[in-house]
Amino acid sequence: MLVSTGEGSKEDSSIDRIKSDLSDTTLTKVPITIVTGYLGAGKTTLMNYITTAHHGKRIAVILNEFGDSSDIEKSLTVNQGDQQVEEWLELGNGCICCSVKDAGVNAIESLMEKRGNFDYILLETTGLADPGNIAPLFWVDDGLGSTIYLDGVVTLVDARNLLRSLDDPSEQEQEEVKLENEGHQGPHLTTAHLQISHADVVVVNKTDLVTVAELEAVKTRVRSINGLAKLHVTEHARVPSLDGVLLDLHAYDAVGDVDGFAAKGHSHLDPAISTITLRIPALEDGEEGLERLDAWLRGVCWEGMFSDTGEKGGFDVHRIKGRIPLTDGKLKILQGVREVFDLTDAVTNDTANGASTEGKIVVIGRGLNAARWQKSLDTWLCIASLLNRLLESVGIFAPLQPLRNLGPGLSFRAQASLQQEARTELHHGICGSHVITDQEPASALAQFHLQPVKVILHVNAEPFLQLLQDLRVLLLRISRKLPARIQDRQAVQHQRALGGVHELLHPGAQELVVRQQPVAGVVPVAQVLGDGAALVDDHVAILDGGKLAERAAGLVLELLRRLVLDAVRKVNLVGHLELLEQPGGPYAA
Ligand SMILES: Nc1nc2c(ncn2[C@@H]2O[C@H](COP(=O)(O)OP(=O)(O)OP(=O)(O)O)[C@@H](O)[C@H]2O)c(=O)[nH]1
């Protein structure tokens with residue numbers, strides 16, 4: 001229904017029109033609130049209450065049936081006084097995922113053009129609708145210049161029937177969420193779960209029909225499913241006020257009480273859905289920080305996968321919110337519903353805690369194991385900080401000992417194993433048949449003149465520290481002790497530049513390593529040739545001989561970086577964090 005203030009609407013209409021024109025020029029956006037609730041929860045009662053209340057707001061109440069995916073050729077039905085206006089959705093090619101998004105928004109926008117502007121839009125869904133399918137349709141990218149924006153999702157629940165709906169859904173209801181449950185083991189989801197898990201506000205209605213204890217049980221259950229939503233209790237849907245309950249929720253442009261929830265912790269009361277909170281350190285605004293988080297979020301939200309291990313988690317994300325401080329003092333907020341998520345600059349309300357060094361991410365969904373999620377996030381992010389320390393460490397070393405004499409060749413290969421119990425190892429072998437150790441530098445030297453050095457890294461469950469140590473030792477040894485053999489180097493360079501990577505890789509070494517330990521994959525990363533040629537990802541670069549030492553040092557750093565990044569993307573870093581956290585360790589923060 002298109003609801004005027006209820007008083008003086010005619011007199012005010014010209015003023016409204018002027019206001020509306022003004023707002024057009026300033027591009028004020030109209031908030032849209034999705035009101036959902038299981039059959040009989042009290043949605044119509046709520047809408048009737050709103051239409052009769054004297055609130056002085058122009059609210060359009062729109063009935064929609066997007067949730068009924070079997071029949072999406074629906075109109076938006078808008079009641080204006082006694083008149084009923086229908087706005088048909090113009091669906092493009094009939095594919096709901098491609099066309100409804102814009103069609104739904106367009107329909108509302110064209111409605112506003114025809115009917116004049118509103119201050120607010122309430123979109124009432126059918127009782128069986130899954131708001132997780134609807135909310136993303138109205139969460140419109142700023143760039144699309146829409147005149148509406150998603151303000152939030154309000155879910156009404158029936159205090160008397162909620163627990164039964166959650167625990168003992170009817171056959172019809174089970175049928176409705178069949179798709180959701182396909183491929184999932186464990187407790188099944190119900191429509192009531194979906195409606196609560198996606199809510200920004202939950203209104204527990206029909207409280208006159210339950211005892212105080214029953215009401216408490218309902219509230220506790222709702223909170224266990226969705227720890228972030230604001231909760232209100234009503235009789236006959238008489239909400240205490242519209243602002244903050246139905247209107248002006250800003251649930252998608254601010255993150256609200258993420259910290260408040262984090263302090264309360266999570267509960268496993270509901271077997272299917274829960275809310276978990278993750279800690280996240282301040283991140284750099286770049287490749288090793290925010291972009292890395294972005295990649296991890298793509299993994300969990302898009303693929304249902306933990307990026308650190310590549311493991312498919314058997315979980316679904318319904319809603320995700322977060323406050324992420326950056327090391328430069330700025331603050332980002334994370335918002336997401338199902339597969340859609342966004343990392344944006346915080347608005348003023350959210351910047352209050354911007355100086356914090358720790359952020360929070362709250363996730364609502366199915367099959368969430370808080371410890372597993374935290375570990376995945378930590379591991380994924382920690383790799384970045386570890387890399388920085390690695391580079392610092394090698395960076396200090398490199399200028400002291402310019403890598404003048406890289407020898408006939410230095411090749412890096414990363415081998416990643418997914419074995420849990422495997423250890424981190426560094427083999428710096430010559431000809432693949434000999435391993436250099438600190439105890440036998442002489443034999444290493446002897447052979448080094450004859451063949452390219454081969455560095456083989458096994459990065460497994462153990463921390464990098466030993467590996468880094470070994471790597472430093474190796475680089476030191478190469479740069480300090482190994483004499484240059486100009487003739488040999490030139491010859492080798494030409495041969496390699498022409499022959500490509502394979503001539504550099506000694507088959508013996510590869511065999512040896514593979515036999516020692518089964519590996520998940522072998523990743524040739526790069527090769528540096530001592531006389532100024534470098535092979536990076538099969539690409540040959542010939543460096544200027546005069547600047548060899550300087551450039552080679554830089555190149556080695558870059559190679560190390562790639563090497564470790566490539567390796568850690570594929571390995572299981574069990575135990576890695578524990579070691580980093582040891583106070584006073586060589587790489588302790
Ligand atoms: N006792 C009691 N009855 C209520 C309350 N709220 C709504 N009702 C009644 O419950 C019934 C269902 O309410 P509706 O508002 O039609 O519920 P709905 O969510 O729109 O239902 P559907 O359109 O079927 O999805 C109506 O008979 C209402 O009068 C309440 O707080 N207490």
Side-chain angles (χ1 to χ4, degrees), residues 1-3 32-53 55 59-72 74-79 84 86 121-135 152-166 168-177 189-219 221-222 225-226 229-242 245-247:
M1 293 148 232
L2 179 60
V3 184
I32 177 164
T33 306
I34 295 170
V35 180
T36 181
Y38 197 57
L39 301 167
K43 298 180 292 299
T44 310
T45 311
L46 174 69
M47 296 309 168
N48 288 339
Y49 175 64
I50 292 166
T51 57
T52 52
H55 43 60
I59 304 173
V61 176
I62 298 174
L63 306 170
N64 104 93
E65 301 183 37
F66 293 136
D68 187 357
S69 57
S70 60
D71 184 10
I72 57 171
K74 293 288 184 187
S75 61
L76 296 174
T77 313
V78 179
N79 293 325
Q84 201 172 63
E86 278 192 322
I121 300 166
L122 296 179
L123 186 75
E124 181 190 338
T125 70
T126 66
L128 294 173
D130 170 2
N133 287 334
I134 300 169
V153 175
V154 175
T155 294
L156 266 95
V157 301
D158 174 342
R160 192 166 68 170
N161 290 314
L162 177 72
L163 298 184
R164 190 202 51 76
S165 300
L166 289 169
D168 188 18
S170 64
E171 266 179 32
Q172 180 204 6
E173 206 193 341
Q174 287 184 22
E175 198 54 34
E176 286 293 328
V177 287
L189 282 192
T190 66
T191 303
H193 279 107
L194 292 168
Q195 292 181 339
I196 295 170
S197 69
H198 291 89
D200 300 297
V201 171
V202 176
V203 176
V204 181
N205 188 36
K206 300 197 175 179
T207 50
D208 56 315
L209 301 180
V210 291
T211 64
V212 173
E214 284 167 340
L215 178 60
E216 267 320 298
V218 167
K219 283 161 66 180
R221 185 69 175 272
V222 168
I225 294 173
N226 184 335
K230 287 189 188 132
L231 222 151
H232 300 279
V233 290
T234 56
E235 276 178 33
H236 295 279
R238 279 188 225 107
V239 286
S241 75
L242 293 184
V245 179
L246 291 177
L247 310 177

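Counting starts at 1 for both ligands and their atoms, in listed order. The structure displayed is predicted, hence computed values, not measured ones.
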**Student:** Can you measure from CD1 (Ile196) to CG (Leu166) and round to the nearest 0.5 angstrom?
**Tutor:** 5.0 Å
**Student:** Quick check: does Gly42 get an N/O under 3.5 Å from an N/O on ligand 1?
**Tutor:** yes
**Student:** Could you check which of His236, Arg160, Lys206 puts a non-hydrogen atom nearest to atom 10 (O) of ligand 1?
**Tutor:** Lys206
**Student:** Measure the distance from atom 24 (O) of ligand 1 to every protein heavy atom, then report the residue, atom name and distance (to 0.1 Å) of the closest one.
**Tutor:** Gly40 N, 3.4 Å
**Student:** Does Leu39, backbone or side chain, put an N or O under 3.5 Å from an N or O of ligand 1?
**Tutor:** no
**Student:** Select one of side chain, backbone, both or neither to describe which atoms of Leu46 lie under 4.0 Å from any atom of ligand 1, heavy atoms only.
**Tutor:** neither
**Student:** Which residue and non-hydrogen atom of the protein lie closest to atom 23 (O) of ligand 1, and at what distance in Å?
**Tutor:** Thr44 OG1, 3.9 Å
**Student:** Under 3.5 Å, side chain of Lys43 to main-chain N/O of Thr155, donor-acceptor pair present?
**Tutor:** no
**Student:** Return yes when atom NZ of Lys230 has more than 12 non-hydrogen atoms of other residues, nucleotides or ligands closer than 6.0 Å, and no otherwise.
**Tutor:** no
**Student:** For ligand 1, which is the ligand I care about here, please tell me if Asp208 has any N or O atom under 3.5 Å from one of the ligand's N or O atoms.
**Tutor:** yes
**Student:** Between atom CG of Leu215 and atom CG of Leu209, what is the distance when rounded to the nearest 0.5 Å?
**Tutor:** 11.0 Å
**Student:** Quick one: does Lys43 get an N or O within less than 3.5 Å of an N or O on ligand 1?
**Tutor:** yes
**Student:** Evaluate Glu235 for polar contact with ligand 1, using N/O atom pairs at a separation under 3.5 Å.
**Tutor:** no
**Student:** Hey, are Asn226 and Ser197 close enough side-chain-wise for a donor-acceptor pair under 3.5 Å?
**Tutor:** no
**Student:** Counting both backbone and side chain atoms, is some N or O of Gly37 under 3.5 Å from an N or O of ligand 1?
**Tutor:** no
**Student:** Heavy atoms only: which of Val210, Thr45, Asn205 lies closest to atom 15 (O) of ligand 1?
**Tutor:** Thr45
**Student:** For Gln195 and Thr36, does a side-chain donor sit closer than 3.5 Å to a side-chain acceptor?
**Tutor:** yes
**Student:** Specify whether the nearest protein heavy atom to atom 27 (O) of ligand 1 is under 4.0 angstrom away.
**Tutor:** no
**Student:** Is the shortest N/O to N/O distance between Glu124 and ligand 1 below 3.5 Å?
**Tutor:** no
**Student:** Between Lys206 and Asn161 (side chain of the first, backbone of the second, donor and acceptor by atom type, cut-off under 3.5 Å), is there such a pair?
**Tutor:** no
**Student:** Does Thr207 reach the main-chain N or O of Thr234 with its side chain, forming a donor-acceptor pair under 3.5 Å?
**Tutor:** yes
**Student:** Need the ligand 1 atom indices (1-based, order shown) with element for anything under 4.0 Å from a heavy-atom of Leu209.
**Tutor:** 1 (N)
**Student:** Looking at side-chain heavy atoms only, is the closest gap between Val201 and His232 below 4.5 Å?
**Tutor:** yes
